[in-house]
Undergrad: 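One structure, pasted below without further comment.
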Amino acid sequence: MLNLILFGPPGAGKGTHSDKLVKKYKLVHISTGDIFRNEIGNKTELGKRAKAFMDKGELVPDEVVLDMLLSVIDRNKDAKGFVFDGFPRTIVQAEKFDEMLDKRKMPVSLVVSLDVNDNELITRLVKRGIESGRTDDTEEVIGQRLNVYNNQTKPLLDYYTGKKLLHTVYGIGVIDEIFEKICSVIDSNV
Ligand code: ADP
């Protein structure tokens with residue numbers, strides 16, 4: 001089983017590369033952001049709860065994310081593996097996730113971190129906001145999301161380095177070339 005965490009700041013290209021990884025390695029894609037946007041579109045209680053945080057660029061509370069994630073994993077018992085995109089985003093999420101995976105005997109195989117500088121991230125996110133109308137891709141909210149990333153999510157780099165699971169790939173350039181690098185990291189480490 002291949003359980004891959006695709007890690008990186010907002011706008012690093014996690015969604016783009018997840019789609020390609022899912023096709024190549026026949027994995028189930030779990031994007032917590034996509035799940036929340038889907039819930040918002042369907043006007044569910046979970047969606048309403050998540051939207052209040054997302055629109056401000058803040059994180060949805062850990063317990064809400066974890067409950068949701070658990071139910072998605074358990075609905076995909078026959079999966080060959082998963083790509084986790086946008087999760088975990090806090091140390092608490094990572095610790096609970098490890099417990100959850102231990103119980104199911106499906107450890108994290110590796111973490112691939114996409115390295116992209118802030119200027120490039122802001123340029124990409126502003127462009128995506130104009131093209132997609134995503135309500136959190138506005139300049140003000142983007143700044144807040146990058147703060148949240150630096151304060152709450154970036155410490156996970158040390159967490160996974162400590163577990164010897166972290167691999168970094170430079171995330172600027174031709175998409176297919178970046179993807180090749182991600183695949184070679186995967187192929188030489190699983
Ligand atoms: P991006 O990585 O570009 O910020 P996502 O779609 O992954 O986009 O996330 C959008 C928003 O959804 C986040 O700013 C946050 O509010 C919420 N969210 C997504 N995943 C998580 C998570 N694991 N924990 C808490 N909040 C999350």
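Side-chain atoms are counted along with the backbone in the values below, which use heavy atoms only and exclude waters and symmetry mates. Every number for a ligand or one of its atoms is a count from 1 in the order of the listing.
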Undergrad: side-chain contact (heavy atoms from CB on, under 4.5 Å) with I172: which residues, sequence neighbours excluded?
TA: V116, N117, E120, R124, Y170
Undergrad: The criterion is ring-ring contact (aromatic ring centres under 6.0 Å, His included); which residues satisfy it with F82, sequence neighbours excluded?
TA: F84
Undergrad: One thing to verify: whether K56 and D136 come together as a salt bridge, which I'm taking to mean a side-chain N less than 4.0 angstrom from a carboxylate O.
TA: no
Undergrad: Should the pair K127-D137 be classified as a salt bridge under the 4.0 Å nitrogen-to-oxygen rule?
TA: no
Undergrad: So what's ligand 1 close to, N/O to N/O, under 3.5 Å?
TA:
{"residue": "ligand 1", "atom": "2 (O)", "partner": "K14", "partner atom": "NZ", "Å": "3.1"}
{"residue": "ligand 1", "atom": "2 (O)", "partner": "R89", "partner atom": "NH2", "Å": "3.1"}
{"residue": "ligand 1", "atom": "3 (O)", "partner": "R128", "partner atom": "NH2", "Å": "3.1"}
{"residue": "ligand 1", "atom": "3 (O)", "partner": "R145", "partner atom": "NH2", "Å": "3.0"}
{"residue": "ligand 1", "atom": "4 (O)", "partner": "R89", "partner atom": "NH2", "Å": "3.1"}
{"residue": "ligand 1", "atom": "4 (O)", "partner": "R145", "partner atom": "NE", "Å": "3.4"}
{"residue": "ligand 1", "atom": "4 (O)", "partner": "R145", "partner atom": "NH2", "Å": "2.9"}
{"residue": "ligand 1", "atom": "6 (O)", "partner": "R37", "partner atom": "NH1", "Å": "2.9"}
{"residue": "ligand 1", "atom": "6 (O)", "partner": "R37", "partner atom": "NH2", "Å": "2.8"}
{"residue": "ligand 1", "atom": "7 (O)", "partner": "R89", "partner atom": "NH1", "Å": "3.2"}
{"residue": "ligand 1", "atom": "7 (O)", "partner": "R89", "partner atom": "NH2", "Å": "3.4"}
{"residue": "ligand 1", "atom": "8 (O)", "partner": "R134", "partner atom": "NH2", "Å": "3.1"}
{"residue": "ligand 1", "atom": "9 (O)", "partner": "R89", "partner atom": "NH2", "Å": "3.4"}
{"residue": "ligand 1", "atom": "16 (O)", "partner": "E58", "partner atom": "O", "Å": "2.6"}
{"residue": "ligand 1", "atom": "20 (N)", "partner": "T32", "partner atom": "OG1", "Å": "2.7"}
{"residue": "ligand 1", "atom": "20 (N)", "partner": "G86", "partner atom": "O", "Å": "3.4"}
{"residue": "ligand 1", "atom": "20 (N)", "partner": "R89", "partner atom": "NH1", "Å": "3.2"}
{"residue": "ligand 1", "atom": "23 (N)", "partner": "G86", "partner atom": "O", "Å": "3.0"}
{"residue": "ligand 1", "atom": "23 (N)", "partner": "Q93", "partner atom": "OE1", "Å": "3.1"}
{"residue": "ligand 1", "atom": "24 (N)", "partner": "Q93", "partner atom": "NE2", "Å": "2.8"}
{"residue": "ligand 1", "atom": "26 (N)", "partner": "V60", "partner atom": "N", "Å": "3.0"}

Undergrad: Quick one: list whatever passes ring-ring contact (aromatic ring centres under 6.0 Å, His included) with Y160, sequence neighbours left out.
TA: none
Undergrad: Should the pair E131-R128 be classified as a salt bridge under the 4.0 Å nitrogen-to-oxygen rule?
TA: no
